[in-house]
Protein chains: 2
Amino acid sequence: MTRSKSKSFPARDSYHHGDLHSTLVEAAEHLLEKQGLSALSMREVAKLAGVSHSAPYRHFRGKAGLLEAVAQAGFNRLAVMINGAHDAYPDDPEAQLRAAGVAYVEWATENPERTHLMYGGMMKSEDVPETLHACAEDAYAGIFHIIDEGRQAGVFGGDDTDSVVISAWAVVHGLTMLILGSGKVNPANPGEVRQLALRVCDTILDGIRSRTGTGDQPS
Amino acid sequence: MTRSKSKSFPARDSYHHGDLHSTLVEAAEHLLEKQGLSALSMREVAKLAGVSHSAPYRHFRGKAGLLEAVAQAGFNRLAVMINGAHDAYPDDPEAQLRAAGVAYVEWATENPERTHLMYGGMMKSEDVPETLHACAEDAYAGIFHIIDEGRQAGVFGGDDTDSVVISAWAVVHGLTMLILGSGKVNPANPGEVRQLALRVCDTILDGIRSRTGTGDQPS
DNA sequence: ACCTGAACACCGTTCAAGT
DNA sequence: ACCTGAACACCGTTCAAGT
């Protein structure tokens, strides 16, 4: 059982590793979800990737740089999910928002360590790099797009789109944190997670729906 | 500048330390907010408290135990704030909820590292101890109390109190995480934080207000 | 250009020994 | 009962040297 070459992280066929950069990111994601952030060591990641413990430093600016790459990948995934929800329900902003919310909560509760990482659980907020903010911005833009279209169609109200977006994102993300942290809900029970997510989405929809109900609104 | 005895963490006057337990918690809180979680070491906490690096192990079950105590203190603080908001606005559930929400967001943005710690950013969720859940439960009970009274008074609607509580807590906590993690808002600008918190509270209040508006509701 | 292995300073934790 | 200091295994990071 000397798992020196696992299926997911194959050994290279030469002195140089073909694509060590992404191999390291995958290894880090794997160890992160398996052992938790506090037990994640650079040396273990390198060992799992099949290289010496100093090799990663040619590809990332230390441990923080590697974790930053993992967080970025998470935000990119989020943006893809949100845009997918938008495209799946054309001309139905409520359904788009519900689908995006449920997908977010489901993914995040299935990948708790990555989620915590993405929201800065391990770096002093001052030195969170700008590239990470840019990735979060992409996901934010997806929600903004859904809500902005919904407001133009007269489905959603609110004074300005940004504050509606913030409220919508906040409930969904807050629910996720409560599920992960409270012990009141078993994250491994997909039905319960989904039901909670739907309920919370409905509450926020009740809060942001246009009050006129006619489809047009005061300029 | 050999700050071997600071004002906040005074040296003891004998071989035994009078109250090392709480001195260590205070030292940990201080270093946590100053340097961030990843830079917090047990040895530094001990040095700041003025004892040898092995002394803390008589009082806490390792580093995890010390951080657990810090997180517990945070939840207790939260519960006090929520109950304070309740008592400050008798018979006005909307004002109670707004006050609790704003107080929460303000405290959490001023103490970002402690907040991340409380929500499990550094422990595998499986082994978050039961005592921590109990403290979170106290804070949860405070919100529950406000919303339950509001529902009985006909101010709030919803199918069951728990799901309303979850939505309310989620927006507020989610907003906090967004402020800390997004870089879109400067947490050091109290006016902006307060304004955002109020807007988000109003959105959720719009979502949970009773639809009858008369003060009584179907049993 | 990319990877290795020795080296350094640090860390968490334990345990016999001191007061 | 509480605290110390040496000890151990580990970690992040650097750097001359190898391919």
Side-chain angles (χ1 to χ4, degrees), chain A residues 4-5 9-28 31-32 34-71 113 117 121-124 127 129, chain B residues 4-5 9-28 31-32 34-71 113 117 121-124 127 129:
Chain A
S4 78
K5 31 191 89 177
F9 309 104
R12 71 220 124 124
D13 30 358
S14 79
Y15 185 80
H16 287 78
H17 193 294
D19 187 10
L20 186 52
H21 188 97
S22 36
T23 304
L24 286 168
V25 172
E26 284 165 37
L31 285 175
L32 189 61
K34 193 170 138 211
Q35 313 184 332
L37 180 57
S38 61
L40 179 73
S41 85
M42 210 61 173
R43 288 168 111 107
E44 230 175 333
V45 171
K47 195 190 292 181
L48 184 55
V51 292
S52 85
H53 64 263
S54 48
Y57 291 82
R58 299 284 138 184
H59 296 270
F60 299 97
R61 268 202 262 80
K63 190 179 188 178
L66 177 56
L67 294 180
E68 182 193 330
V70 172
E113 304 292 333
L117 188 68
M122 97 307 343
M123 315 190 234
K124 278 286 302 157
D127 40 49
Chain B
S4 77
K5 33 191 84 175
F9 307 107
R12 69 222 125 121
D13 32 357
S14 80
Y15 185 81
H16 287 75
H17 192 295
D19 187 9
L20 185 53
H21 188 97
S22 34
T23 303
L24 286 168
V25 172
E26 285 165 37
L31 285 176
L32 189 61
K34 194 171 135 210
Q35 314 183 332
L37 180 56
S38 61
L40 180 75
S41 86
M42 209 61 174
R43 289 168 111 108
E44 231 175 333
V45 171
K47 194 191 292 181
L48 184 55
V51 292
S52 85
H53 64 260
S54 49
Y57 290 82
R58 297 287 137 181
H59 297 270
F60 300 97
R61 268 200 262 79
K63 191 179 187 177
L66 176 55
L67 293 180
E68 181 192 332
V70 172
E113 303 292 333
L117 189 69
M122 96 310 338
M123 316 190 233
K124 277 288 300 157
D127 41 49

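In what follows, every chain begins at residue 1, and chains take the letters A, B, ... in the order their sequences are listed. Small disclaimer: the values here were computed from a predicted structure and weren't measured.
Between A:His53 and A:Ala46 the shortest heavy-atom distance is CA-CB, 3.8 Å. Of all heavy-atom pairs spanning B:His59 and B:Ala55, the tightest one is CD2-O, 3.8 Å. Here the shortest heavy-atom pairing between B:Ala71 and B:Leu117 reads N-CD2, 4.1 Å.
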Does the pair B:Leu67 and B:Leu40 meet the rule for a side-chain contact (heavy atoms from CB on, under 4.5 Å), with working shown?
CA-CA 10 Å; B:Leu67 293 180; B:Leu40 180 75; 3.7 Å; yes

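Judged as a side chain to side chain contact (heavy atoms under 4.5 Å, CB included), and not counting sequence neighbours, B:Arg58 has no contacts. A search for side chain to side chain donor-acceptor pair (under 3.5 Å) contacts involving B:Ser22 returns B:Asp19, not counting sequence neighbours. In this structure A:Ser54 satisfies the side chain to side chain contact (heavy atoms under 4.5 Å, CB included) test together with A:Ser52, sequence neighbours excluded. In terms of the side chain to side chain contact (heavy atoms under 4.5 Å, CB included) criterion, residue partners of A:Phe60 (sequence neighbours excluded) are, by chain and number, A:His21, A:Leu24, A:Val25, A:Leu66, A:Ala69.
Distance, B:Asp19 CG to D:dC3 P: 10 Å, rounded to whole Å. The nearest whole Å value for the distance from the NE2 atom in A:His59 to the P atom in D:dT13 is 16 Å. Whole-Å rounding puts the B:Lys47 NZ to D:dG5 P distance at 13 Å.
For the atom pair A:Glu113 CD and A:Gln35 CD, the distance stands at 10.5 Å (nearest 0.5 Å).
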How does each nucleotide of nucleotides 14-19 of chain C score, in 5' to 3' order, for protein heavy atoms under 4.0 Å: base (B), sugar-phosphate only (S), or none (-)?
BB--B-

Protein-nucleic acid N or O pairs under 3.5 Å, nucleotides 9-11 of chain D:
from: D:dC11; atom 1: OP1; to: A:Ser41; atom 2: OG; distance (Å): 3.4

If a pair means Watson-Crick or G-U wobble with both distances below 3.5 Å, what does DNA chain D look like in dot-bracket form, with | marking bases paired to a different strand?
||.|||||...|||||.||

